[in-house]
Number of protein chains: 2
Amino acid sequence: MPRFTHPRLEDVPLDLALHALADPNRLTMVARLAATERLSCTGAAPCESIPKSTLSNHLKLLRAAGLIETTQAGREMINRLRRDDFDRRFPGLLDVVLANRPA
Amino acid sequence: MPRFTHPRLEDVPLDLALHALADPNRLTMVARLAATERLSCTGAAPCESIPKSTLSNHLKLLRAAGLIETTQAGREMINRLRRDDFDRRFPGLLDVVLANRPA
DNA sequence: TCGATAGTTCAAGATAGCCGAACTATTAAA
DNA sequence: TTTAATAGTTCGGCTATCTTGAACTATCGA
């Protein structure tokens, strides 16, 4: 039973946040979560072809960056964007990044 | 005689721009350039102790991300933030990142 | 209980980043 | 005009990070 750790946003440095967003796959995942409230891991996947382990690692990094919160629900892991927390810590950053994201 | 290549901003993907900013040293360098108009390489350095080769590589990446322009002036390389170009390509991004930068 | 589902963790190979050492180019001094 | 100093770049090797298949854990449905 994986017990996920979620950092306090004040402990997340800007570099880590930017690094988490500086990847096309993760950015797509964040955009999906921004649009859909709560998604399972496979639901948040940027594409079908991505390996499970890679997906899991991306989500782990997004967690470490304070971008998402993951809770277990049955055998699924439910991911949710920590938008309020993140916006308080880095005002405007997520909005700007999502707005500049390629279509 | 190094002949620097500067990308057109429309060819710079968001991931690369974020990646370039997702490093404390580079971010410090960008902040310095944002405050000082034109700086030599060592002038833009984030600290005294950083090796020249590392510094040079950071500047190369900032160039590739469309963040700076480098021209030769004598034996110095003069770096300038491509703020207008970058802002046109990624509106608001640089402002937000600089505003969220740790003091 | 058995199988399928959903995801994590591990480890190994691939990739990227850091930095010392050698090199280039320019300026200044002798 | 050498000679030396300055300002960086480039190269190569080491390290660290990323990716991914394989093995594992846990839960649900039949």
Side-chain angles (χ1 to χ4, degrees), chain A residues 1-7 12-13 15-30 32-33 36 38-65 67-80, chain B residues 1-7 12-13 15-30 32-33 36 38-65 67-80:
Chain A
M1 56 316 213
R3 192 84 311 174
F4 301 113
T5 68
H6 298 99
V12 175
D15 351 346
L16 179 56
L18 290 172
H19 175 67
L21 295 169
D23 175 279
N25 283 332
R26 285 194 294 268
L27 201 43
T28 299
M29 295 165 73
V30 168
R32 278 172 179 262
L33 286 161
T36 319
R38 24 181 65 245
L39 288 172
S40 68
C41 294
T42 51
C47 59
E48 290 289 328
S49 61
I50 193 168
K52 296 190 298 177
S53 52
T54 304
L55 182 58
S56 187
N57 280 329
H58 281 319
L59 289 164
K60 189 189 216 172
L61 181 47
L62 291 177
R63 266 194 302 276
L67 274 160
I68 66 171
E69 183 191 52
T70 307
T71 55
Q72 186 163 5
R75 59 186 154 184
E76 286 190 337
M77 309 297 161
I78 298 300
N79 301 283
R80 205 175 62 228
Chain B
M1 59 314 215
R3 193 85 308 175
F4 301 112
T5 68
H6 298 101
V12 175
D15 349 349
L16 179 56
L18 290 172
H19 176 67
L21 295 169
D23 174 279
N25 282 333
R26 285 193 296 267
L27 201 43
T28 298
M29 295 165 73
V30 168
R32 277 171 180 263
L33 286 161
T36 318
R38 26 181 65 246
L39 287 171
S40 68
C41 294
T42 50
C47 59
E48 290 289 330
S49 62
I50 193 168
K52 297 190 298 179
S53 52
T54 304
L55 181 58
S56 187
N57 280 329
H58 281 319
L59 289 164
K60 187 189 218 173
L61 181 46
L62 291 177
R63 266 193 302 275
L67 274 160
I68 66 171
E69 184 191 52
T70 307
T71 55
Q72 185 163 5
R75 59 185 154 186
E76 285 191 339
M77 309 298 161
I78 298 299
N79 301 284
R80 204 174 64 225

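Labels below follow one simple rule: chain letters A, B, ... track the order of the sequence lines, proteins then strands, and each chain is numbered from 1. These values consider heavy atoms only, across backbone and side chains, with no hydrogens, waters or symmetry-generated copies.
Atom-to-atom, CD of B/E76 to P of C/dT27 comes out at 10 Å; the value is rounded to the nearest Å. Atom CG of A/N79 is separated from atom P of C/dA6 by 14 Å (rounded to the nearest Å). The interatomic distance linking B/I78 (CD1) with D/dT6 (C1') rounds to 14 Å, in whole Å. Atoms CE (A/M77) and C1' (D/dT25) sit 9 Å apart, rounded to a whole Å. Computed from coordinates, the A/L62 CG to C/dT8 C1' distance equals 16 Å when rounded to whole Å. The CG-P distance, from B/L39 to D/dG8, rounds to 10 Å in whole Å. Distance B/N57 CG to D/dG13 C1': 14 Å, rounded to the nearest Å. Remark: C1' of D/dC18 and CG of A/L61 are 10 Å apart, rounded to the nearest angstrom.
Judged by distance alone, with hydrogens and angles left aside, the side-chain atoms of B/R32 form a donor-acceptor pair with the main-chain N or O of B/A45 at under 3.5 Å. A distance-only check finds no donor-acceptor pair linking the side chain of B/S56 to the backbone of B/K52 [under 3.5 Å]. The main-chain N or O of B/I78 is never found under 3.5 Å from a side-chain atom of B/R38 such that the two would form a donor-acceptor pair.
Of all nucleotides listed (C/dT8, D/dC28, D/dT10), C/dT8 comes nearest to the side chain of A/F4. Checking D/dC28, D/dT9, D/dT19 against the side-chain heavy atoms of A/R75 singles out D/dC28 as nearest.
Less than 4.0 Å separates DNA chain C from no heavy atom of any residue of residues 15-30 of chain A. Residues from residues 46-56 of chain A lying near DNA chain C, meaning a heavy-atom separation below 4.0 Å, are A/K52, A/S53, A/S56 in numerical order.
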### Message
Would B/L61 and B/N57 count as a side-chain contact (heavy atoms from CB on, under 4.5 Å) here? Give the steps.
### Response
CA-CA 6 Å; B/L61 181 46; B/N57 280 329; over 6 Å; no
### Task
Apply side-chain contact (heavy atoms from CB on, under 4.5 Å) to B/L62 and B/T70, showing your working.
CA-CA 10 Å; B/L62 291 177; B/T70 307; over 6 Å; no
### Task
May I have the step-by-step check of side-chain contact (heavy atoms from CB on, under 4.5 Å) for A/L67 and A/V12, ending in yes or no?
CA-CA 10 Å; A/L67 274 160; A/V12 175; over 6 Å; no
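The CE atom of A/M29 lies 9.5 Å from the CG atom of A/L39; values are rounded to the nearest 0.5 Å. For the atom pair CZ (A/R26) and CG (B/D15), the distance works out to 10.0 Å, reported to the nearest 0.5 Å.
For A/T54, the side chain to side chain contact (heavy atoms under 4.5 Å, CB included) test picks out A/I50, A/P51, A/H58, with sequence neighbours left out.
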